[in-house]
Every structure is written in C-alpha cells, then in structure tokens.
Enquirer: 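Encoded as structure tokens, here's the structure I'll be asking about.
Below, each value reflects all heavy atoms present in this structure, side chains not excepted, and no hydrogens, waters or symmetry copies. Here is the naming used below: chain letters follow the sequence lines, and residue numbers restart at 1 for every chain.
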Number of protein chains: 2
Amino acid sequence: MLMEIGSHRADKPGGRIRQKNEQIIIAAAEAEFAANGFKGATMNNIALKAGLPKSNIHYYFKNKLQLYIEVLINIIDLWDNALNELDADSEPAAALREYIAAKMRFSREYPLASRVFAKEILSGAPRIKQYFSSEYREWFLRKTDVFSKWAQQGKIDPIDPAHIVFLLWSSTQHYADFEVQIAAALGKKSLSKKDFDEATDALTKIIIRGIGYQG
Amino acid sequence: MLMEIGSHRADKPGGRIRQKNEQIIIAAAEAEFAANGFKGATMNNIALKAGLPKSNIHYYFKNKLQLYIEVLINIIDLWDNALNELDADSEPAAALREYIAAKMRFSREYPLASRVFAKEILSGAPRIKQYFSSEYREWFLRKTDVFSKWAQQGKIDPIDPAHIVFLLWSSTQHYADFEVQIAAALGKKSLSKKDFDEATDALTKIIIRGIGYQG
DNA sequence: GTCTATATCACGATAGAC
DNA sequence: GTCTATCGTGATATAGAC
C-alpha cells in the first residue's frame with residue numbers, strides 16, 4: 001500500500017553490510033521520529049543514535065523523506081505480521097479477547113512504532129495520504145462486517161460497528177502512545193508487564209460486556 | 001500547575017494591542033505546533049499564520065519555548081473550564097453520560113489543543129515534566145475514587161478504576177487526535193457533528209454497560 | 001563500498017532604525 | 001510599540017578522496 005510512494009524495495013541489491021546497516025539506521029530513525037516527529041527529526045541525531053557517520057545515512061537513504069517512508073513501511077509490515085483479523089466465525093468473546101490481547105502486546109513490544117504512526121496521523125498524515133485511500137476504506141469495512149454479522153445473529157447489541165472498531169484501536173494504542181501520562185497517573189516511572197496485563201483484562205471485560213455479549 | 005515553568009503571567013501589563021496580538025500569535029502557534037510539533041515548528045510559519053512580521057513574535061514572546069509553554073497553559077485553562085469532575089453522588093449512568101459528552105465536545109471544538117498536548121506526551125513530555133508531578137497523581141486518584149465508591153456500593157463491577165479512566169480518555173480524545181484516519185475509514189473528508197454525536201452515543205452505551213451498570 | 005570535507009540554505013534570535 | 005536587516009548556528013545534502 002505504502003510502497004508505491006517510494007518505488008525502491010525489490011530493486012535493492014542488499015550486500016550483507018548494507019542490510020545490517022540499513023536495519024541499524026531504520027531502528028535509530030524510528031526512535032528519533034518517535035521523539036521529534038518528521039520535521040523535528042535531524043539526520044545528525046539519527047546518525048548519532050545509529051553510531052554511524054552522518055553522511056552514511058545519506059549514502060543508504062536518498063533523503064530524510066525516503067528514510068521516513070522506509071520506517072513507516074517497516075512499521076506497517078510489523079503491524080500486518082502481529083495482528084490477525086477478527087474471526088467472524090468464532091464467538092465474539094473469544095475473538096475479541098484475542099484481538100485485544102494482540103493489540104496490547106503490540107503496544108508493549110513496539111511503542112516507538114505506534115508513536116511514529118500516531119504523530120504522522122496527528123499531523124494530518126501529509127506524508128502518507130496514499131495510505132488512506134479507497135482501499136483503506138474497503139479494508140475497514142471488512143473489519144466492521146464482523147460486528148454487523150454478530151449483531152444480525154443477535155450475539156451482540158446493534159451498535160454502530162465503526163465506533164466499536166475505533167474503540168478497540170484507541171483504547172489499546174493509548175498504552176503505547178500516552179505511556180508517560182499513564183505511568184505518572186499510576187505513580188510509576190514506566191509501565192510493567194503486569195500493568196499491561198491488568199489493562200488488557202479490564203479492557204477485555206468492559207468491551208465484551210459493553211457491546212452486549214452475554215456469556 | 002504549569003505556570004511555574006514560565007513565571008510570567010500575572011505580571012503582564014497588557015495594553016489592548018498587546019493582548020490582541022498575543023491572542024492572534026497563540027492561536028497561530030497552536031496550529032503550527034499541532035501540525036509540526038515543538039521542534040518541527042518554525043517561528044516563520046507562526047508569523048505567516050498570524051499575519052505578522054516574524055520579529056513581532058519575538059517581541060511578544062521571548063523565545064520559541066516560552067511561546068510553546070504559553071500555548072500549553074492556554075490549553076490547560078480551556079480544559080479546566082470545559083470539563084467538570086465526575087459527580088460521585090449522581091447515578092453512574094448520568095454522570096458518565098455527561099462526562100463523555102463533555103469530552104467529545106472538547107474533541108470536536110478544540111482538536112488543535114488536543115493534538116498539541118498529545119504530541120507533547122507522545123514525545124515523552126520533555127517540556128512539561130513538572131506537570132506530571134505528585135500533584136497530578138493525587139488529582140488522578142480523586143478521579144478513580146468515584147469508581148471505587150460506585151463499585152463498593154455495588155453499582156458497577158469491581159474493575160480497576162484506573163483503566164476505566166484511561167478508557168474514557170483514550171476513546172474520546174481519539175476523535176480529535178486521529179480524525180484523518182477516522183474520516184478515511186468512514187469514507188469522508190472530515191467528521192461532522194452527526195459523526196461526533198453517533199460516536200458519543202456508541203461510547204456512552206458501551207462504557208456504561210461495560211462496567212456493569214444495570215439501569 | 002565508506003567516510004571527510006564542504007556547499008547551501010533555513011532556522012532562531014537580535015540590534016537598531018523608525 | 002513596530003518592523004527591517006542581519007548575525008550566527010545548525011540543518012540537509014553532495015562531491016570527491018580513500
């Protein structure tokens with residue numbers, strides 16, 4: 001979906017050193033973009049974090065925008081691998097429990113990825129307009145279909161499925177994106193696995209019950 | 001809370017022209033910070049949006065950081081005025097209905113404010129560390145107390161109140177912060193009042209029911 | 001394939017004329 | 001109180017030596 005933006009991928013040769021350095025740079029860039037956003041990020045900071053000379057970054061990536069796009073592509077790949085679709089044929093409780101758990105796992109394991117993406121969207125997504133195309137809309141409708149089906153079968157209440165999906169996204173991403181606020185509220189420096197597990201539990205209970213599923 | 005950061009407020013003279021220009025600049029700065037974050041924002045862009053010469057910005061505000069702090073103070077003021085505390089003496093359904101509606105109204109009316117704040121937190125809140133002090137923790141505990149009380153009275157399920165509060169925040173702010181994504185999912189350019197009303201409705205139903213409140 | 005040196009420009013900030 | 005001219009810095013990006 002995003003790959004069309006930067007037409008450079010399958011046509012990469014990929015010596016061993018190159019691949020390794022590119023991965024180091026992308027990881028460093030992810031941290032820098034998460035902290036300072038696209039405009040605020042500097043190639044210098046990325047080089048420092050990567051432990052490479054500044055101009056090596058330019059050697060491996062044409063410019064800042066291309067590097068940024070590569071970071072985003074990486075994130076979407078991660079996303080696709082970590083999250084399975086909601087299974088319409090399962091019972092709502094089981095399907096939702098698994099989906100929420102997967103989303104929360106993602107928030108805990110890849111908070112930087114979540115934040116880079118969040119910042120892009122907060123800015124109005126000027127660098128990834130193509131991503132939010134009609135294709136995206138269709139992908140979203142397949143998501144909501146699951147809930148429509150469940151509602152038709154009388155398994156859950158007739159609540160607008162779009163807003164159920166938004167709720168699943170917002171409530172789970174929140175723990176990655178707003179971690180410092182949540183930690184401060186809980187009186188901690190950062191969140192532990194236990195905090196994430198408790199959050200997963202609470203969210204699962206509230207949402208399953210909230211949409212009217214009766215064990 | 002934040003005012004201690006910049007010790008400059010009550011001690012402002014405030015000729016009529018000054019006050020007017022400062023308001024114009026703060027509004028312009030809010031838009032620029034929302035779009036590009038603190039580091040990514042430029043004084044030049046702010047001046048352009050304000051329709052004033054660039055150096056006027058420096059005349060009214062010492063530097064970029066002070067202007068940013070002023071924008072944040074403005075946002076917190078707005079916040080304090082728009083949102084009442086949850087009322088523990090009301091029935092959960094009524095209290096939550098009102099709170100969710102108020103948060104959603106804020107998301108619709110002040111999306112830029114929400115986004116500036118969100119970006120600061122996403123960055124790890126380096127410019128407003130003081131805000132997340134022990135005072136913040138105490139304020140948060142007063143929030144959760146309401147739910148603890150309701151749970152003790154058997155009005156709602158015994159769910160960790162902290163995560164109920166996080167859910168209220170995340171689900172409502174999402175409509176301001178991630179508007180472009182939501183609009184794309186719904187196949188629209190931007191969100192209408194009707195979209196917000198429907199979201200408010202869905203969230204209210206799911207959350208009230210989800211925490212186990214039985215009409 | 002890798003790094004040094006540098007061109008070019010936009011940034012935040014200020015000095016001083018009006 | 002307001003604006004013009006400009007300074008110094010640090011940014012992206014590139015040319016070319018190794």
Enquirer: How about Ser171(B) and Lys103(B): does a side-chain donor come under 3.5 Å of a side-chain acceptor?
Expert: no
Enquirer: In whole angstrom, what separates Glu22(A)'s CD from dG1(C)'s C1'?
Expert: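 Atom CD in Glu22(A) sits about 13 Å away from atom C1' in dG1(C).
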Enquirer: Report the distance from atom OH of Tyr68(B) to atom C1' of dC11(C), rounded to the nearest whole Å.
Expert: 18 Å
Enquirer: Under a 3.5 Å distance rule, please check whether Lys64(B) uses its side chain to pair with a backbone N or O of Phe38(B) as donor and acceptor.
Expert: yes
Enquirer: Tell me the interatomic distance from Ile25(A), atom CD1, to dT2(C), atom C1', rounded to whole angstroms.
Expert: 12 Å
Enquirer: In whole Å, what is the span from the CD1 atom of Ile57(B) to the P atom of dC11(C)?
Expert: 14 Å
Enquirer: When you check the side-chain N and O atoms of Ser123(A) and Lys119(B), is any donor under 3.5 Å from an acceptor?
Expert: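 Judged by distance alone, the side chains do pair up.
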Enquirer: Once you round to the nearest 0.5 Å, how far does CZ of Arg115(B) lie from CD of Gln173(B)?
Expert: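 Between atom CZ of Arg115(B) and atom CD of Gln173(B) there are 12.0 Å.
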Enquirer: Tell me yes or no: between the side chains of Asp145(B) and Ser148(B), is some donor less than 3.5 Å from an acceptor?
Expert: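 Side chains of Asp145(B) and Ser148(B): no pair found under 3.5 Å.
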Enquirer: Nearest-Å distance, CG (Asn63(A)) to P (dA13(D))?
Expert: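 To the nearest whole Å, that distance equals 5 Å.
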Enquirer: The test is ring-ring contact (aromatic ring centres under 6.0 Å, His included); show your working for Phe140(A) and Phe166(A) and say whether it passes.
Expert: CA-CA 10 Å; Phe140(A) 177 75; Phe166(A) 298 145; 5.3 Å; yes
Enquirer: What nitrogen or oxygen pairs link the protein and nucleotides 3-7 of chain D at under 3.5 Å?
Expert:
{"unit_1": "dC3(D)", "atom_1": "OP2", "unit_2": "Asn56(B)", "atom_2": "OD1", "d": "3.3"}
{"unit_1": "dC3(D)", "atom_1": "OP2", "unit_2": "Asn56(B)", "atom_2": "ND2", "d": "2.7"}
{"unit_1": "dT4(D)", "atom_1": "O4", "unit_2": "Ser55(B)", "atom_2": "OG", "d": "2.8"}

Enquirer: Can you check whether His58(A) has a side-chain N or O nearer than 4.0 Å to OP1 or OP2 of dA13(D)?
Expert: yes
Enquirer: I need the CG-C1' distance between Leu65(A) and dA13(D), as an integer number of Å.
Expert: 14 Å
Enquirer: Indicate yes or no: at least one non-hydrogen side-chain atom of Arg142(A) is less than 4.5 angstrom from one of Trp139(A).
Expert: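 Yes. Closest side-chain heavy atoms under 4.5 Å.
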Enquirer: Measure from the side-chain heavy atoms of Ile17(A) and tell me the nearest of dG1(D), dT2(D), dT2(C).
Expert: dT2(C)
Enquirer: Is there a side-chain contact between Tyr60(B) and the phosphate of dG1(D), meaning an N or O under 4.0 Å from OP1 or OP2?
Expert: no
Enquirer: Taking side chain as C-beta onward, heavy atoms only, is Ile164(A) less than 4.5 Å from Trp150(A)?
Expert: no
Enquirer: Using whole Å, report how far NZ of Lys64(A) lies from C1' of dT14(D).
Expert: 17 Å
Enquirer: Any residue in residues 33-51 of chain A with a heavy atom nearer than 4.0 angstrom to DNA chain D? Just list them by number, or reply none.
Expert: Ala41(A), Thr42(A), Met43(A), Asn44(A)
Enquirer: Less than 6.0 angstrom separating the ring centers of Phe147(B) and His163(B), yes or no?
Expert: no
